[in-house]
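This report refers to the structure that appears directly beneath it.
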Amino acid sequence: MIRYTIISGSIRQNRNSHRVSLHLMERLNSEPNSKAELIDLAEANLPVMTDLWDKHPQHTEAFTKLANTLKNSDAFIWVSPEYNGSYTPALKNFIDHFPKQAFYRKPIGVVSVSTGALGGIRGAMNMQELALAVQGYALPQLLLVPEVTTKFDTAGSITDEAFNKQLNLFVTELIWISEAVKNKS
Ligand SMILES: Cc1cc2nc3c(=O)[nH]c(=O)nc-3n(C[C@H](O)[C@H](O)[C@H](O)COP(=O)(O)O)c2cc1C
């Protein structure tokens with residue numbers, strides 16, 4: 001069983017990218033040998049990072065739960081909208097709270113989302129760099145989601161069937177590397 005954790009990186013009110021996180025969770029849970037859960041950064045409501053999570057004087061219970069989820073994950077999907085050419089500050093703040101060990105030798109697929117036509121390739125590439133910085137295996141196959149509101153409804157159901165092609169490519173590649181890494185260890 002491969003345990004995937006999807007990190008939903010927008011904490012904006014009325015966010016759009018969360019739709020993609022919901023969809024990917026359902027999609028992975030429909031695959032054999034896969035179990036996906038979601039860390040919703042809006043729900044996590046983390047303070048700005050001042051030190052690693054285990055040195056934070058408050059939020060111990062919530063941080064411990066998040067740290068355990070990361071530890072028990074075999075692979076990740078980071079979903080973020082592109083904000084000014086990069087990923088969200090909320091995603092970086094979350095990652096920085098935890099030691100690199102949480103991501104070490106784990107596949108990380110990155111998904112960039114925008115309401116515009118381009119899908120946020122700069123955000124995606126910056127996320128790949130961040131994945132490498134925490135010593136994860138950045139998945140070469142990106143998932144870019146342009147014009148997200150035409151592709152998914154708020155519950156995460158796909159509304160543009162043609163987009164399944166890109167989703168399939170991304171999910172296939174992520175499952176391939178995740179199984180390869182898991183079988184190695
Ligand atoms: C602060 C900010 C910066 C943005 N910068 C970009 C950008 O660089 N490229 C882009 O394609 N869209 C950009 N957008 C538009 C987002 O794609 C759009 O608002 C999207 O819905 C954001 O995702 P979210 O709703 O999940 O927060 C930006 C939006 C915000 C709020």
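Order of listing sets the numbers, starting from 1, for every ligand and every atom in it. Only a predicted model underlies this, so the values are computations on that prediction, with no experimental measurement involved. The figures that follow rest on heavy atoms only: side chains count, while hydrogens, waters and symmetry mates do not.
Scanning the protein heavy atoms around atom 21 (O) of ligand 1, the nearest turns out to be N16 ND2, 2.8 Å. Scanning all protein heavy atoms for the shortest distance to atom 2 (C) of ligand 1 gives Y83 CD2, 3.6 Å. Nearest protein neighbour of atom 5 (N) of ligand 1, counting heavy atoms only, is N84 N, 2.8 Å. With respect to atom 26 (O) of ligand 1, the closest heavy atom belonging to the protein is S17 OG, 2.5 Å. Remark: minimum distance from atom 11 (O) of ligand 1 to any protein heavy atom is reached at S114 CB, 3.3 Å. Among protein heavy atoms, the minimum distance from atom 20 (C) of ligand 1 is reached at T115 CG2, 3.9 Å. Among all protein heavy atoms, the one lying closest to atom 23 (O) of ligand 1 is P81 CB, 3.0 Å.
With ligand atoms numbered from 1 in the order given, ligand 1 contributes 24 (P), 25 (O), 26 (O) to contacts under 4.0 Å with heavy atoms of R15.
A salt bridge links R27 to E31: one of the charged nitrogens lies within less than 4.0 Å of a carboxylate oxygen. Under a 4.0 Å N-O distance rule, the pair D74/R105 does not qualify as a salt bridge.
Among G85, A117, S112, the residue whose heavy atom sits closest to atom 8 (O) of ligand 1 is G85.
A donor-acceptor contact closer than 3.5 angstrom is absent between the side chains of N29 and E26.
Between the CG atom of N168 and the CZ atom of F163 there is a distance of 10.5 Å, given to the nearest 0.5 Å. Expressed to the nearest 0.5 Å, how far CG of L118 lies from CG of L144 amounts to 9.5 Å. Note: L91 CG to T88 OG1 = 5.0 Å, rounded to the nearest 0.5 Å.
Ligand 1 lies out of reach of G116, whose nearest heavy atom is not under 4.0 Å from it. Taking a 4.0 Å cut-off on heavy atoms, G120 fails to register as neighbouring ligand 1.
Between F94 and W78, the ring centre distance reaches or exceeds 6.0 Å.
Ring planes of H97 and F63: tilted class, angle from 30 to 60°.
Of all the heavy atoms of E82, the ones lying under 4.0 Å from any atom of ligand 1 are found in both the backbone and the side chain.
Linking Ile, Leu, Val, Met, Phe, Trp and Tyr whenever their side-chain heavy atoms come within less than 4.5 Å leaves Y83 and I95 in two separate clusters.
In terms of polar-atom proximity, defined here as any N/O pair under 3.5 Å, R12 does make such a contact with ligand 1.
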